[in-house]
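Input: a single structure, listed below in structure tokens.
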Amino acid sequence: MNRSMSLFVLPLLVTVVILGCGREKSKSADQLAPTLPNGIAITAVSSSEIKISWNPSADDSGKVKGYKIYKNGKYLQTVKTTSFSDIGLSPQVKFCYRISAFDETGNESGQSAEVCAIL
């Protein structure tokens with residue numbers, strides 16, 4: 001192979017090898033979100049506290065990292081367990097909650113069905 005040909009082929013081969021490695025890596029990366037949280041139960045604990053619990057979500061990577069709680073359509077906080085207590089609430093007010101699950105790579109499920117309670 002002459003010199004001008006090798007100057008063209010070598011960078012091309014390096015590019016193919018780099019792109020090939022990138023494809024392999026992306027195939028093995030977790031891209032699926034956990035299942036939707038379900039079995040949600042809401043309980044009025046007192047005139048100012050609501051407890052919410054649900055069944056654990058499943059994930060193809062085997063580990064759900066946590067759950068995001070949404071209250072009245074807005075993100076409230078993240079928890080690592082399958083229950084949550086919202087305290088300091090006002091009586092005679094309707095509170096509605098949705099929950100999503102996320103895994104270690106940041107994939108997030110959709111939000112669960114809404115559950116509501118009036119204290």
Taking atom OG1 of Thr81 and atom CH2 of Trp54, what is their separation to the nearest 0.5 Å?
6.0 Å

How far does NZ of Lys68 sit from CG of Leu76, to the nearest 0.5 angstrom?
13.0 Å

Heavy-atom closest pair (Ala33 atom, Glu108 atom, distance to 0.1 Å) is CB-O, 3.4 Å

Any chance the side chains of Gln111 and Ser100 put a donor and an acceptor closer than 3.5 Å?
no

Short side-chain to backbone donor-acceptor contact, Thr43 and Val45, under 3.5 Å
no

On a heavy-atom basis, which atom in Glu104 and which in Lys65 lie closest, and how many Å separate them?
N-CB, 4.0 Å

If you measure from CG on Leu119 to CD on Gln92, what distance do you get to the nearest 0.5 Å?
8.5 Å

Side chain Asn72, main chain Phe95, donor-acceptor under 3.5 Å
no

Please find the pair of heavy atoms, one from Thr35 and one from Ala101, that lie closest to each other, and give the distance.
O-CB, 4.0 Å

Side-chain donor/acceptor of Ser112 to backbone N/O of Asn38, under 3.5 Å:
no

Under the side chain to side chain contact (heavy atoms under 4.5 Å, CB included) test against Ile99, which residue among Val79, Ile52, Val115, Leu36 passes?
Ile52

Are any side-chain N or O atoms of Ser90 and backbone N or O atoms of Val93, one a donor and one an acceptor, separated by less than 3.5 Å?
no

Non-hydrogen side-chain atoms of Ser109 and Pro37 separated by less than 4.5 Å:
yes

Just checking, is any N or O donor in the side chain of Tyr97 or Asp86 under 3.5 Å from an acceptor N or O on the other one?
yes

Search all heavy atoms of Asn107 against all heavy atoms of Leu32 and return the closest pair with its distance.
ND2-O, 3.4 Å

At what distance, to the nearest 0.5 angstrom, does CD1 of Ile40 lie from CZ of Phe84?
13.0 Å

Would you verify whether the NZ or CZ of Lys80 falls within 45 degrees of the ring axis of Tyr67 while also being under 6.0 Å from that six-membered ring's centre?
no

Nearest 0.5 Å, please: how far is CG in Asp103 from CG in Asp59?
4.0 Å

If I take atom SG from residue Cys116 and atom CD1 from residue Ile42, how far apart are they, to the nearest 0.5 angstrom?
7.0 Å

Above 12 or not: heavy atoms from other molecules or residues under 6.0 Å from NZ of Lys71?
yes

